[in-house]
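Report on the structure given below.
Predicted model, so just to flag it, every value in this text is computed and none were measured.
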Amino acid sequence: MPEPTVVEVSAAWAPPAALLLLTLAWAGACLDGLLGPAPGQGRVRALRRPLTETARLLRQPRRTLVGADVMLWRIGGAGLVLVALLMVAVVPLGRWTLADLSVGIVWFNALDVVVWALVWLAGWGPNAVHSLVGGYRFLAQALAYELPLMFALTSPAVAAGSLRVADVVAAQHTVWFVVWMPVAFVVYCLAVAGFSVWGPLSPAAGADIAGGVLSEASGPDRLLLLGGRYALLAAGAAFAVPLFLGGGAGPLLPGWAWVLVKTVLLLAALVAVRHRLPTLRPDRFVEVGWMVLLPLVLLQVLFVSVIVVGGS
Amino acid sequence: MGLSSWVAEQAVAGAHVLLVDVPGAWAVRVAAEQRVARRGWQLALSPADADVLMVCGRAGPQLVAAVDTVWEQLPGPRARVGAAGVDEVAAALDESARLLGDETHQCDDARERARSLVAEDGHDGHDGMEMSGPGGIALAGGDMDRDGLEMDVLHVPLGPVLPYWPAGLVLWGSLHGDVFEDVHLDVLDPAAMADPEPPAVSSDPAVHAARSCDEAAALLTLAGWGHAAVTARGLRDMLLAGAPADRCVPELDRLVSRVRRSRTLRWAVRGLGVVDEVLAREHGLPERVRGDVHDRLAGMLDRARALAAGQQPTERSCAHGEPTAVLDALPHLLHGVDIAAVRLVVGSFAVEYGGLSAEPARGASHA
């Protein structure tokens, strides 16, 4: 097995990387049409949905409300896509990466915290009740998933003895981390759903508050919010690959292809859960986050630490 | 021209429709939902998300006024249509598609709106801004919430144009953060509701079963369980299409056991809106609303199953005074409760006025 080394490519590769992420986000939206509950609506229609939705939103003017904080609202809306793009900058695609940061994992963690501000602003901006309640809900939920997420990110870093994503990949050349840190992996996936306002962790955009943080957005603003959700989901799936799923390791195919295949599979899994579980109400999820997830993931870190210390 | 008309065509192919429920016109709303799905369109959750505003049934003056306000909130291109009966639904949606695709009409509409906005701005000028917030809206006052925290208080209504909300109902309350207090309920167009002549009631148990499935679907949607909601809605459509009992009943059994088994659901809605012995006796509430939201949801599905299996409709169809009892009791259950719980509790009572239309919704799904 060749030693997986990572080369930092020039910044000129950023636009193609962005395009790749948006393609993944688009694929996620198509998968959502296919895997979601849509009786009586053919497959073709479901696959066409992202296209019709985009056309529809591009045709709409953006709206403002009386007393809206337009600038903050727009920042919240446009920021999600940007954060997702910055997240994938540290994900190695096989041998190549855009930024081989020595603190890649912290970089990702910092960005997912930025999502707190962005979703809150998207809820706060329009000066409307349902939207604001959506913002509150997101913050409450974020309080529940953020600490478990931090410790879930810590486990691979402890095992690899490094915060550099490339080192984490290299440390998995024998066994993928998902095998011996499943709790951290599950918590990580849950948190990805959390910061993407997705599935069971989407009360901030719930039907009971008329779409919450989405309720007042229209036109390009809505497109950016919806696209941002898919982009975050795709970025979260992509980051799990070097962290837990062995990066580009795999038979036959080249490394970059394996990264893509694994990303798409995890993305599909995340998309598929969307409608299959009831929404977790933030006030009750906080309890789970602190009383169940946090102790579990701490035990996971302890377990990993003991193995690392014992093995060295 | 080529590109913009292509974009318009794509956009119309995926339009979002905001349906306005009118009391007593359940069958029309269901027919509209079915038609919307068959066109590959989607239901909107809020005015900002909608291209089409469709009133299902004959709205009274107060509801029409509310619809007018909502209409102003659609971003446009937009179309406003109505269907008084089940047989008008298809034509209304066709008309909305035509309006949405009509570029000249939409341009005129947008210009007209811009003009009326400018005219309004000229009116309010700069008077009385000192005590008010941005845009001349009064700032939220502060007050203690149920936990003694000082929070901004907003006085807001829920309804009447709100998906998965009882037709014609408006809830007024003060919102501390996301917690409601001082709740009271209003029924729009009470004159129309107080019709001395009880509305015609369908005697077909399948229609009643379908109604129960629809209520359960709405509640499951509010609980954020899309898959189960879609199943319940599918069952509703099967029942309305006259599917035989031996096809519907096993499906319903599966759904009932799925809902009863789901720990996540029970954990999310348990203990909400508990109707105990005392409250039930005090307000003369029927047996079927005892327990919490989860009990009532399971009750809806059990009832649907019994009706689908051929049992004759009983309390439901003749309970003309019951909505009033529920409306009296509801504020007691909604005090100091967060907005999600308010929606679930109100949804679990499935308040309805105007009875169940005798107008057959049957055949609507295969017309």
(request) Below 4.5 Å from any heavy atom of chain A, which atoms of B:Ala229 appear? Answer side chain, backbone, both or neither. (result) neither
(message) Is it the case that the side chain of A:Arg281 and the backbone of B:Ala268 share a donor-acceptor pair, with hydrogens and angles ignored and the cut-off at 3.5 Å?
(response) yes
(request) Without swapping roles, check the side chain of A:Arg284 against the backbone of B:Trp267 for a donor-acceptor pair under 3.5 Å. (result) yes
(request) Let me know if B:Leu265 has heavy atoms under 4.5 Å from chain A in its side chain, its backbone, both or neither. (result) both
(message) With a 4.5 angstrom heavy-atom cut-off, is it the side chain or the backbone of A:Glu53 that approaches chain B, or both, or neither?
(response) side chain
(request) Sort B:Leu222 into side chain, backbone, both or neither according to what part of it lies under 4.5 angstrom from a heavy atom of chain A. (result) both
(message) Is there a side chain to side chain contact (heavy atoms under 4.5 Å, CB included) between A:His130 and B:Leu158? Walk through the geometry before answering.
(response) CA-CA 10 Å; A:His130 281 129; B:Leu158 284 184; 3.6 Å; yes
(request) Let me know if A:Arg274 has heavy atoms under 4.5 Å from chain B in its side chain, its backbone, both or neither. (result) neither
(request) Please step through side chain to side chain contact (heavy atoms under 4.5 Å, CB included) for the pair B:Thr264 and A:Leu280, ending with a clear verdict. (result) CA-CA 8 Å; B:Thr264 337; A:Leu280 303 170; 3.4 Å; yes
Which atom pairs, donor and acceptor, lie under 3.5 Å between side-chain atoms of residues 226-236 of chain A and protein residues at least two apart or in another chain?
residue, atom, partner, partner atom, Å
A:Arg229, NE, A:Val197, O, 3.2
A:Arg229, NH2, A:Val197, O, 2.9
A:Tyr230, OH, A:Asp32, OD2, 2.8

(request) Please state whether the side chain, the backbone, both or neither of B:Val156 comes within less than 4.5 Å of a heavy atom of chain A. (result) side chain
(message) If I measure from the heavy atoms of chain A, does B:Val342 come under 4.5 Å with its side chain, its backbone, both, or neither?
(response) neither
(request) Look only at the side chain of B:Trp225 and the backbone of A:Thr279, and say whether a donor-acceptor pair between them is shorter than 3.5 Å. (result) no
(request) Go through the atoms of A:Arg59 and report whether side chain, backbone, both or neither lie under 4.5 Å from a heavy atom of chain B. (result) both
(request) Please state whether the side chain, the backbone, both or neither of A:Arg48 comes within less than 4.5 Å of a heavy atom of chain B. (result) side chain
